[in-house]
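Single-structure report; data block below.
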Amino acid sequence: MKAVLILAVKSAWARRLTLGVTLCAIALASALLLAVERVRHDARQSFTQAVAGVDLVVGARSGSVQLMLHAVFHSGSATHNIRWESFAAIATHPAVDWAVPLSLGDSHRGFPVLGTTADYFERFRYADQRPLAFAGGQPFTTVFETVLGSAVAAELGYRVGDRITLTHGMETLGPEHADKFFAVVGVLAPTGTPVDRTVHVSLEAITALHLDWVGGAPLPGLTIPAEHVRKFDLHAKEITAALIGLKNRTEVFRLQRHINSYRGEPLMAVMPGVALDELWQTLGMIEQTLLAMSALVVVVGLAGLLATLLASLNERRRELAILRALGASPRDLFLMLTAEGLLVTTLGVVLGCGLLAGGSFFFAPLLQAHFGIILQWRMFAASEWALLAAILATGLLASLVPGWRAWRMSLADGLTPRN
Amino acid sequence: MADGAIQIRDLLFRWPRQPAPCLDIPELNIAAGEHVFLHGPSGSGKSTLLGLLGGVALPERGEIVLLGQPLTRLSGHARDRLRADSIGFLFQQFNLLPWLSAIDNVLLPCTFSARRKTRAGNARETAARLLTHLDLAAESWHKPAAELSVGQQQRVAAARALIGRPEILIADEPTSALDAPRQQIFVDLLLTEATAAGAALLFVSHDERLAAHFARKITLADINRAGVPAS
Ligand SMILES: Nc1ncnc2c1ncn2[C@@H]1O[C@H](COP(=O)(O)OP(=O)(O)O)[C@@H](O)[C@H]1O
Ligand SMILES: [Mg+2]
């Protein structure tokens, strides 16, 4: 039997060109299927990990998913800002333990800039209630200071003490706030959340940057140098959103209703978990469709394998008769053909895993920058093992067909095949 | 005849979905080391008989005894073993696995039969010696079988049938792909090697001219009561 398996490998090697093409098809198909599953899995993982300990996210009235995506993942944009008075009113509500304001809209070389208070570093929690930690430096204390997420510092090579400028809007080539330098005073430890890709400054800094701006452009003829901004009132008049923690979580629905019916302006409060559930529901259909389509691609790949093996079987009729004369049993020939199919499938899947690994390495930064999805460099999750097993099982099933054909053929042909 | 190479009694064989039997042989004995020329027109059932002797098909009735073993009463697995251990086969054409080298083709029986591997001793040397005896130049030994001429391929196939000294050699029209002058040379080579190995040789052909060097000559029609089906 071992002899037959060795011959199976040698025989397959002799037909490596055809089998190689089939193998590549299987590899690409498995990589596609695994990639879809991985992105699906890791998207949930990274979205779920990104906020913890926040009971409500408050912003101008829009969609709850939209508000979540903007406030927590800094993707998309807010329709409106909310007034500082509204925020102050909510922050002083008796049920509220803490409230952190967020102001978004600027960027630094593609990384979003978040204006907030130093409280943010105290209050923010991610994954299983982990607080933020500083890899170096400390929170900002004055206007022109900034704290960088770990990925910002790593990718742009910044260290505490460096000086950077910010860009108006999210475009990398947008207008620069070129005259106002920020000193890097702190760098955060990696969290695996959007925090890593965020540039943190104080709310006052956001106001200061826009003193001499109207709309999206600097006021012509008016520049207010950095050393003079302190003479102005830098208190924020508007913010984008706020994160709220409650003293008692059972109050959450009451406070949510209170905020949603706030008289001053149309506001909205969403529970992060609920908003994420809503997001999954919207994405669920798309995910299922994508998964089903990539599964179909795998089936097509394996059907190609089946076709290749069956086609080769006719040319190899003579070969099987020779092996039979040498003492191979019909069972041996069955094994030989099945093993060949399984070998090609297995190698295809292994190559597919390699492609997945290479692909995630290559595309992970893109996915994280554009969608806030953090692809993990990790072993397979249970759902991915299940997919691998399913591909191999289907490959085995497909390989049984030529095996069975070889068995039947060898019984009918004996030692002298008749064509 | 207890230690005969091949004994057939009362053999009846019919292909599936065919009304008339193909073979009906009351008796055939071939002694150990005997060289027999089996002759019959195309389609008369010669190859069918060889398949039965190899144990890849079973008769409807009757008994085949190979080297004292009742082939027809053995399990499929045991028949495959007996074939691997004791019979060297040689066919008309396309005897070799085209993607193996000549010498690896010769060595194949040693991977299927531990007995023939043991009897071959140093298998590579034995293979080389057989190929030399059969006049295959050493530069061809490591070429893929597909690159050899038909004549060379038949000589490699003969070496493969001989390696590990099986007691029975069965050759099914091994010369019909060769041109006339080479046919006789090949038969002589085969007979010499079979004699050297002490193997019984059952040589099948529709070409009676090749019978000259055989001590015993059988016409299939003489032993087969089923006769030739009208084609
Ligand atoms: N695998 C097979 N299935 C069905 N009939 C067969 C098979 N092989 C041979 N036959 C039939 O058996 C008869 C004898 O064929 P064969 O043994 O090949 O003759 P020979 O070798 O003498 O030319 C023929 O009529 C042929 O049609
Ligand atoms: Mg024949």
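Just so it is clear, the values below take in all heavy atoms, side chains as well, and ignore hydrogens, waters and symmetry mates.
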| With a 4.5 angstrom heavy-atom cut-off, which part of Asp172(B) approaches chain A: side chain, backbone, both or neither? | side chain
| query | Would you say Arg119(B) has more than 12 foreign heavy atoms packed within less than 6.0 Å of its CZ? | reply | yes
| Under 3.5 Å, is there a donor-acceptor pair between the side chain of Arg83(B) and the main chain of Ala328(A)? | yes
| task | Would you check if Pro330(A) and Val56(B) make a side-chain contact, meaning some heavy-atom pair closer than 4.5 Å? | result | no
| remark: So, the part of Arg160(B) with a heavy atom under 4.5 Å from chain A: the answer is side chain
| More than 12 non-hydrogen atoms from neighbouring residues, nucleotides or ligands closer than 6.0 Å to CZ on Arg44(A), yes or no? | yes
| N-O pairing of Arg324(A) and Asp80(B) below 4.0 Å | yes
| Is it the side chain or the backbone of Ser113(B) that comes within 4.5 Å of chain A heavy atoms, both, or neither? | neither
| Part of Ser410(A) within contact of chain B (heavy atom distance under 4.5 Å) | neither
| field | Heavy-atom pair of closest approach, residues Phe112(B) and Leu323(A) | value | CZ-CD2, 3.9 Å
| query | Taking all atoms of both residues into account, what is the closest heavy-atom pair of Ala84(B) and Gly327(A), and its distance? | reply | CB-CA, 3.7 Å
| query | Does CZ belonging to Arg61(B) count more than 12 external heavy atoms closer than 6.0 Å? | reply | yes
| message | Within the 4.5 Å heavy-atom criterion, are Leu108(B) and Leu7(A) side-chain neighbours or not? | response | yes
| Gap separating the CD atom of Glu319(A) from the CH2 atom of Trp99(B), nearest 0.5 angstrom | 5.0 Å
| message | Which one wins on heavy-atom pair count under 4.5 Å against chain B: Ala14(A), Ser11(A), Ser329(A)? | response | Ser11(A)
| query | At a heavy-atom separation under 4.5 Å, does Ile170(B) approach chain A through its side chain, its backbone, both, or neither? | reply | neither
| message | Looking at every non-hydrogen atom in both residues, tell me the closest pair between Leu415(A) and Gly51(B) and how far apart they are. | response | CD1-CA, 4.2 Å
| said: Would you compute the distance between atom OG1 of Thr111(B) and atom CD1 of Ile6(A) and round it to the nearest 0.5 angstrom? | reply: 8.0 Å
| query | Just wondering, do Ile322(A) and Leu97(B) contact through their side chains at under 4.5 Å, heavy atoms? | reply | yes
